[in-house]
Amino acid sequence: MKIIVTGGAGFIGGNFVHYMLAKHPSYRIICLDLLTYAGNMETLAPVVGHENFTFVKGDIADRAFIYQLFETEKPDIIVNFAAESHVDRSIEDPEIFLQTNVIGTSVLLDACKKYSIKRFHQVSTDEVYGDLPLDRLDLFFTEETPLHTSSPYSASKASADLLVQAYHRTFKLPVTISRCSNNYGSYHFPEKLIPLMIANALNDKKLPVYGTGDNVRDWLYVEDHCSAIDLIIHNGRIGEVYNVGGHNERTNLEVVKTIIRELGKDENLIQYVTDRPGHDRRYAIDPTKIKTELGWEPATLFDEGIKKTIKWYLDNKAWWERIISGEYQSYYEKMYADR
Ligand code: NAD
Ligand code: TYD
């Protein structure tokens, strides 16, 4: 089995590469990544040199390059993680989100069609469903929830999902889609809530909570997302969407306070800052379909996963300190200086 993993130098894709090489030692994994600001070869350092692993640098939106790669490698499966993934950046500059998330996905779909690939799996997000009200805890996203996006990021991901479904319907392309809730764990880029708060708290910097901190996210330990995708590409039904999430809802404030407590810091580090425009209130996944059809269940609950994640950041300071000492510093200034 030969799998091209796009975006494998990023957070979830990198974890997926590690997961698949450990779980399926006979599979060949080709990681294709453009190495944008979010891609990091240090995330792949543990597998560089592995006999079944190859890294290729390139853009999923570069048609000639993608066709050439498919022609040479003749992959069985494509798992598409490659994306611009940060909501705040999409508010600052939406265009690259359309270029990578929409055009890039369409180029991959065309390549899959041209080379009769056995499976194209699109890694999507629960953000395509928009948000849920904070006072209706009985509501969850199911696969039938209408797409209703809030940010340029989620709009670009929803557009890609629609294209994937159109290629299935029109060209009978063998596709699957997973829509997962917020991930956390190792190799998470420190612009996102959990790693940003861990890094800032360790450096005794202010912890910028948007708005009131009451927004709710449904947190999934990244390895549980990897196990779900592994199950879907092997046993999922063609043309289907699977929601992935584990009923681990927390308000942002609860998450930040947990990190403060675990690190023995003081809550006066919390600083309430201007809210994100269009800020989604609550995400919450109903994972019934993947549980009943594929037997998937998350192995790690939030209280345990957050401890493991904090330990990883303590044990791997070099990985994230190098990121926050580089170009990231100007991003941080721009986003948070006048907030
Ligand atoms: P990330 O930003 O950490 O990684 C994205 C990777 O894609 C990076 O390595 C980057 O270099 C690469 N990339 C970007 N543009 C590219 C291009 N044009 N060609 C090739 N490679 C390119 O993102 P992540 O958090 O690991 O998310 C991965 C996927 O999972 C995304 O599609 C995202 O929408 C989805 N997702 C993320 C979450 C989450 O909580 N992080 C939840 C659900 C779904
Ligand atoms: P984020 O990690 O950006 O993921 P997403 O927006 O895709 O859910 O943010 C998670 C939540 O944390 C979201 O409600 C915004 C909030 N947040 C803050 O309060 N402060 C921050 O500095 C960041 C990055 C996020």
Side-chain angles (χ1 to χ4, degrees), residues 5-17 31-41 43-44 56-62 65-66 79-91 96-97 99-101 103-105 107-108 122-128 131 150-151 153-154 156-157 160-161 178-185 187-197 200 206-220 222 225 228-229 243-245 250-253 255-256 270-276 278-283 285 332 335-336 339:
V5 176
T6 72
F11 164 45
I12 311 174
N15 275 279
F16 186 72
V17 167
C31 169
L32 158 63
D33 198 295
L34 185 57
L35 297 179
T36 67
Y37 80 92
N40 189 343
M41 282 310 284
T43 298
L44 295 169
V56 183
K57 183 172 186 282
D59 186 346
I60 59 166
D62 180 343
F65 161 76
I66 291 292
V79 182
N80 183 29
F81 290 94
E84 287 294 329
S85 68
H86 192 35
V87 173
D88 292 331
R89 286 186 192 253
S90 82
I91 295 167
I96 185 68
F97 287 72
Q99 177 61 20
T100 291
N101 301 0
I103 303 297
T105 302
V107 169
L108 291 174
Q122 174 71 356
V123 181
S124 185
T125 163
D126 62 353
E127 299 192 28
V128 299
D131 64 351
S150 315
S151 70
Y153 163 68
S154 55
S156 70
K157 292 296 290 186
D161 279 20
S178 51
R179 294 186 180 141
C180 189
S181 57
N182 287 61
N183 284 214
Y184 67 104
Y187 302 112
H188 202 178
F189 195 87
E191 67 185 351
K192 305 283 173 62
L193 178 74
I194 288 182
L196 184 146
M197 294 299 167
N200 278 18
K206 288 290 182 193
L207 308 178
V209 171
Y210 298 168
T212 56
D214 290 332
N215 304 58
V216 171
R217 297 294 182 262
D218 185 358
W219 293 98
L220 188 74
V222 63
H225 189 184
I229 295 172
N243 281 357
V244 184
R250 295 285 187 285
T251 66
N252 293 339
L253 205 51
V255 170
V256 173
I270 293 175
Q271 184 174 40
Y272 293 94
V273 300
T274 312
D275 208 354
R276 171 187 282 172
H279 197 170
D280 279 338
R281 292 160 297 175
R282 171 175 169 250
Y283 302 146
I285 285 272
Y332 197 88
M335 297 305 255
Y336 293 94
R339 197 151 188 156

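Both ligands and their constituent atoms are indexed starting at 1 by order of listing.
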(message) Given Tyr210, Trp219, Phe189, Tyr272, identify the one with the heavy atom nearest to atom 21 (C) of ligand 2.
(response) Tyr210
(message) Does any part of the side chain of Ile66, heavy atoms only, come nearer than 4.5 Å to the side chain of Leu108, both counted from C-beta?
(response) yes
(request) Using salt bridge (charged side-chain N to carboxylate O under 4.0 Å, His left out) as the criterion, point out the one residue from Arg276, Arg217, Arg281 that pairs with Asp131. (result) Arg281
(request) Considering the heavy atoms of Pro208, write down every atom of ligand 2 situated less than 4.0 Å from one of them. (result) 18 (C), 19 (O), 20 (N), 21 (C), 22 (O)
(request) Just jot down the ligand 1 atoms closer than 4.0 angstrom to any heavy atom of Ala82, in number order. (result) 7 (O), 20 (C), 21 (N), 22 (C)
(request) Look at the side chain of Thr6 and the backbone N and O of Ala82, then say whether any donor-acceptor pair between them is shorter than 3.5 Å. (result) yes
(request) Indicate yes or no: at least one non-hydrogen side-chain atom of Lys157 is less than 4.5 angstrom from one of Phe97. (result) no
(message) Taking a cutoff of less than 4.0 Å between a non-hydrogen atom of the residue and any ligand atom, is Met335 in contact with ligand 2?
(response) no
(message) Can you report which non-hydrogen protein atom sits closest to atom 32 (O) of ligand 1, along with the distance?
(response) Lys157 NZ, 2.6 Å
(message) Any heavy atom of Tyr153 closer to ligand 2 than 4.0 angstrom?
(response) no
(request) Return yes when Asn182 approaches ligand 1 closer than 4.0 angstrom through a heavy atom, no otherwise. (result) yes
(request) Would you mind listing which atoms of ligand 2 come within a distance below 4.0 Å of any non-hydrogen atom of His279? (result) 13 (C), 14 (O), 15 (C)
(request) Pick, from Arg339, Glu191, Glu127, the option with the minimum heavy-atom distance to atom 5 (P) of ligand 2. (result) Glu127
(request) Give a yes/no verdict on whether any heavy atom in Phe81 is under 4.0 Å from an atom of ligand 1. (result) yes
(request) Please report which non-hydrogen protein atom sits nearest to atom 2 (O) of ligand 2, along with the residue it belongs to and the distance in Å to one decimal place. (result) Leu193 N, 2.9 Å
